[in-house]
There are 2 protein chains.
Amino acid sequence: MQANKLDLRLTKGAKKVLEAMGGIRTLATAQDIHSLLRTDGDEAPGLTTVYRALDALVSQGLVQAVELGDGEKRYELIKPGEHHHHLICSSCKDSVHLDQCLIKDLDTLIKSKYGFQVSSHLLEIFGTCKKCSEKKTR
Amino acid sequence: MQANKLDLRLTKGAKKVLEAMGGIRTLATAQDIHSLLRTDGDEAPGLTTVYRALDALVSQGLVQAVELGDGEKRYELIKPGEHHHHLICSSCKDSVHLDQCLIKDLDTLIKSKYGFQVSSHLLEIFGTCKKCSEKKTR
DNA sequence: ATAATATTGAAAATCATTTTCATATTCACA
DNA sequence: TGTGAATATGAAAATGATTTTCAATATTAT
């Protein structure tokens, strides 16, 4: 039977990657995820498989990829089809993800002003988090 | 305070790069700029120098670097200290730059809501440009 | 000038990611 | 349940953008 309600044809590797990502709250590189799996021991998939799994998960909408400008892609679990943005602290490198997209309504404005049909966007915000700015002024 | 005496200690290579970028209206990679200079002939700087020049120009605030997720940095001339964002057509790969930052006022909102001091942000918008969507519906 | 300093470029190194290819696993279906 | 086709895997090699090295040049201050 080929019932495809939600096409979740996940490979073994992808399932493990998904599982590992469940335990991470911040953005992680492919290599982060790989070494996490390695630490957890049991038959960890190789790095190549992790990359392939991440690709698959991204196109299935379960994971989002973010590129911050340092030449390394970072990945994060999302609710299927959703996305979100981050506040990234330049000092402690920690990232907080925002619970809602801050520029949802921009799409229609852009459509009417430029005739440009928005399909996705990339928004990341850099600065200093509360903790770090308190440290500085102390 | 002396405001306008900008520290323009540009190397010969950087000057050439700057010049070449003046003639480009879209985002260009280091290699684009390099081959443009090569085409223009006269004693073009090597690729290494182009990279170094771009670094310098970025830290001097004359050029902005954008990373779109394909692992290649793209560069663009800006008015010193300013920045802007792009509408990038997934179909024809052309990019239009927006004349003003669409999320200027977000900073204060984020500051009050998260205690996070914004210093910079990354915003790129992907979709289909007017020309390309007309082509499709034709 | 002359010595000290900074810039250049070719080639080598780096490093994340992708590809290759041979082997192992899963799947369709008779 | 077996059998062959299709898919998944991983180690090693390839890729490709960027960086580093290092020796040769050019620039600058003295």
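The chains referred to below are lettered A, B, ... by the order of the sequence lines, with proteins before strands, and numbering in each begins at 1.
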Could you list the residues that satisfy ring pair (Phe, Tyr, Trp, His ring centres under 6.0 Å) with B:H83, not counting sequence neighbours?
B:H85, B:H121
Locate the shortest heavy-atom distance separating B:D70 from A:E67; write the atom from each residue and the value.
N-OE1, 4.3 Å
Axis bend over the full length of the helix from C:dA1-D:dT30 to C:dA30-D:dT1, computed from five pairs that close each end, to 10 degrees
30°
Roughly how many Å is it from CG in B:D32 to P in D:dT18, rounded to a whole number?
10 Å
Provide the full list of ring pair (Phe, Tyr, Trp, His ring centres under 6.0 Å) pairs with a residue in residues 23-75 of chain B, sequence neighbours left out, each pair given once.
none
Sequence neighbours left out, what passes ring pair (Phe, Tyr, Trp, His ring centres under 6.0 Å) with A:H84? Give chain and number order.
A:H86, A:H97
Is any side-chain nitrogen or oxygen of B:Y51 closer than 4.0 Å to OP1 or OP2 of D:dT19?
no
Throw together a table of side-chain donor-acceptor distances under 3.5 angstrom for residues 100-110 of chain A, partners on residues two or more places apart or in other chains.
unit_1	atom_1	unit_2	atom_2	d
A:T108	OG1	A:D105	O	3.2

For B:T48, the side chain to side chain contact (heavy atoms under 4.5 Å, CB included) test, sequence neighbours excluded, returns B:R52
How close or far is atom P of C:dA16 from atom CZ of A:R74, stated in whole angstroms?
10 Å
Figure out the CD/C1' separation between A:E67 and D:dT18, and round it to whole Å.
13 Å
With sequence neighbours excluded, residues passing side chain to side chain contact (heavy atoms under 4.5 Å, CB included) with A:L36:
A:A20, A:I24
Sugar-phosphate atoms are those with a prime plus P, OP1 and OP2; base atoms are the rest. Using that split, label each nucleotide of nucleotides 4-10 of chain D B, S or - for protein heavy atoms under 4.0 Å, 5' to 3'.
----SBB
What is the distance, to the nearest angstrom, from the CG atom on A:D55 to the C1' atom on C:dA16?
13 Å
B:E19: which residues meet the salt bridge (charged side-chain N to carboxylate O under 4.0 Å, His left out) condition with it, sequence neighbours left out?
none
Integer-rounded Å distance: C:dG9 C1' and B:K16 NZ
13 Å
How close or far is atom C1' of C:dT17 from atom CD1 of A:I33, stated in whole angstroms?
14 Å
